[in-house]
Amino acid sequence: MSESSRPMHFLEALVAKDLESGNITKVVTRFPPEPNGYLHVGHAKSICLNFGLAQRFGGDCHLRFDDTNPEKESDEFIQAIQADVRWLGFDWAGDVRYASSYFQQLYDWACDLIDQGLAYVCDLSAEEARVYRGTLTEPGRNSPYRERSVEENRALFAAMRAGEFEDGAKVLRAKIDMASPNMNLRDPILYRIRRVVHHQTGSEWVIYPTYDFAHGQGDAIEGITHSICSLEFEDHRPLYDWFVKNLPVPSEPHQYEFGRLNLNYTVTSKRKLKQLVDDAVVTGWDDPRMPTIAGMRRRGYSPAAIRTFCDMIGVTRSDGTVDVAMLEHAVRDDLNNNAPRAMAVLNPLTVTLTNLSEDHREVVMSPNHPQNEALGERELVFTQQVVIDADDFREEANKKFKRLVLGKRVRLRNAYVIEAYDVVKDADGQVVEVLAKVIENTVGADPEDGIKPKGVIQWVSKSEGGRATIRLYDRLFTQAEPEADGDFMAVVNPNSLVVIENAYVEPSLLRAQPEQAYQFEREGYFVADRFDHCAETPVFNRTIGLRDAWQEGA
RNA sequence: UGGGGUGUCGCCAAGCGGCAAGGCACCGGGUUUUGAUCCCGGCAUUCGGAGGUUCGAAUCCUCCCACCCCAGCCA
């Protein structure tokens, strides 16, 4: 994988130190998604971090679903998340874990807290609790239920579990400090009543632990040594430690935080991604325009490119916004090295080579990669009529235009140099056909008269080529910061998808397998759609265009 | 105006008292049957600001400023 000489980031240095000092003998991390949405590029960073740490230091990384809130979770997400992690190139140690499989242990530990006088059942409504909690600058007030006896709390908590109360009627809270400047310590809620069927535990429970009460203890049960989360959980660390200290947990995990990924021209919040899906701005969580792992996959990004990107951006505690150009660079670099070349014509214009016979059929060989012979070569069939891109022809142009101009020459990639001498126009004056002649003996050689062509363009035999649907994807948002002015839906790029129905593609592309990536020369990188592509109705998605220094005009 | 964080080139990011790595982007130039790739060169006398300590500071101290997170029975 990506073995860089890059200096260690702070978490790698931390693990190295803990290993060296004997603080731990093996590093164990975990990737803990809540199954309430699809994984996105931000999760990819976390996955690379957690699995990468385990990989680099010979430890384990667990996959644990943080499924403490059944209302928003579902099995669909559980399946998709596992597929995404595997596709990205990682595998977890042991079975998939679920916070929900620790529910009984968590319940017992809650009772333990009650017995120690460190937790109590509170009858305050959500609204009342908010008032009692105080504000950022004013301390909160103790709940009137705070001093219930251990016996009463025990009985009440058991009754909560038994389903004797309505949803929201009571909660179990830790008894810490209502005046703490850290809001998380103002008697945080440990359990709430929710009569919802849970995707893993069914109807077994009507009370569910909160994230705070479940996460650290789950880590302790699994022997997690380094529990890595994002910066916004930093204020929760004292609470995380409080539970570890006050409960007879089997190990002592520690939480560390890093800055989550922000990408410009992109939104990465499950809520917003879900809105894009629900409002049909995109076709689904795996739409190629989505920054989800499934979306990037369908777009044609490789797992290696995404991993390289995660390695490039580093891991720190500062929160910045990475330029999406960096992701695009990683994608291009990977595809440039690995994608076989092929030719496709998106906006076809017929060129008739009048010095060839109508049934001319000549095989020319073409390397599949200009720098990598290992990728082999393929046959192209050259015929009297070929199509070129309409943008590659001008009746007249200045010297900067290195394509076909009436009266001038151009090389057809991997084949002949041709010279245009006339055009055929329709009633509107549009050029519908170019008449040209091939220059003899120019396959693999310059014209014998010494007049070299101005440039090289791609082509497809009109009779031998196939037709395909090509989807041109572009950035989903027109603004670098889609959420800057409030409504990200207002800055959706109306041209983020342009469909071309009858593009010409060279014959070899008809044999493409779904998810096979190509570089369509001079156009960009494309991938056969994972779901919609087949030999009968080829569909290619543009992953990303080539870098293009060509400036029209001047 | 409580608490917790972060501030090094347009963006990401090394650096941890000895005199500013690297990547992305950008700008030149070269090679090229992809206006791609590749190659060469340029790109922070300065590290949020102001003081101070020191022979010497981005790195230590003091004060200030900016931005991010926290008042879900979400995670």
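Everything numeric here is computed off the predicted structure, so don't read it as measured data. Note on naming: letters A, B, ... go to the chains in the order of the sequence lines (proteins, then strands), and numbering restarts at 1 for each one.
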Trainee: Please evaluate the base of B:U37 for a donor-acceptor partner in the side chain of A:R332 within a cut-off of under 3.5 Å?
Mentor: no

Trainee: Scan every strand shown for a Watson-Crick or G-U wobble partner of B:G2, both distances under 3.5 Å, and answer none if you come up empty.
Mentor: B:C70

Trainee: Quantified in whole Å, what is the C1' atom distance between nucleotide B:C43 and nucleotide B:G35?
Mentor: 24 Å

Trainee: Specify the residue among A:Y525 and A:D446 whose closest nucleotide of RNA chain B lies further upstream toward the 5′ end.
Mentor: A:D446

Trainee: I want to check a possible cation-pi pair here: A:R403 against A:W550, using under 6.0 Å from ring centre and within 45° of the ring axis as the test.
Mentor: yes

Trainee: Strictly below 4.0 Å: does A:R192 bring a side-chain N or O up to OP1 or OP2 of B:C74?
Mentor: yes

Trainee: Classify the ring geometry between A:Y240 and A:H215 as parallel (under 30°), tilted (30 to 60°) or perpendicular (over 60°).
Mentor: tilted

Trainee: Partner lookup for B:A13, please. Criteria are Watson-Crick or G-U wobble with both distances under 3.5 angstrom; report none if nothing qualifies.
Mentor: none

Trainee: Reading RNA chain B from 5' onward, which residue's closest nucleotide shows up sooner: A:I457 or A:G134?
Mentor: A:I457

Trainee: Can the ring centres of A:Y98 and A:F65 be said to be less than 6.0 Å apart?
Mentor: yes

Trainee: If the cut-off is 4.0 Å, is A:T68 near the phosphate of B:A75, judged by side-chain N/O to OP1 or OP2?
Mentor: yes

Trainee: Counting heavy atoms not belonging to A:R260, are there more than 12 under 6.0 Å from its CZ?
Mentor: no

Trainee: Who does B:U53 pair with, Watson-Crick or G-U, both distances under 3.5 Å?
Mentor: none

Trainee: Here's one to test your reading of the geometry: is the NZ or CZ of A:R148 within 45 degrees of the ring axis of A:Y120 and under 6.0 Å from its centre?
Mentor: no

Trainee: Measuring only the P atom in each nucleotide, how far is B:C26 from B:C60? A whole number of Å is fine.
Mentor: 36 Å

Trainee: Using atom P of each nucleotide, how far apart are B:G22 and B:C39 to the nearest Å?
Mentor: 15 Å

Trainee: Ring-plane angle category for A:W205 and A:Y107, please: parallel below 30°, perpendicular beyond 60°, tilted otherwise.
Mentor: tilted

Trainee: If the test is salt bridge (charged side-chain N to carboxylate O under 4.0 Å, His left out), which one of A:R409, A:R411, A:K437 qualifies with A:E419?
Mentor: A:R409

Trainee: Any side-chain N or O of A:R522 below 4.0 angstrom from OP1/OP2 of B:U32?
Mentor: no

Trainee: Return the orientation label for the A:H198 and A:Y208 ring planes: parallel under 30°, perpendicular over 60°, tilted otherwise.
Mentor: parallel

Trainee: Using a heavy-atom distance cut-off of less than 4.0 Å, which residues of residues 120-133 of chain A contact RNA chain B?
Mentor: A:L124, A:S125, A:A126, A:R130, A:R133

Trainee: Look at A:R547 and B:U37 and indicate whether a side-chain polar atom (N or O) is within less than 4.0 Å of OP1 or OP2.
Mentor: yes

Trainee: Each nucleotide in nucleotides 7-16 of chain B should get exactly one letter: B, S or -. Can you fill that in based on protein heavy atoms under 4.0 Å?
Mentor: ----BSSS--

Trainee: For A:K274, give me all partners under side-chain hydrogen bond (donor to acceptor under 3.5 Å, both in side chains), at least two apart in sequence or on another chain.
Mentor: A:D278

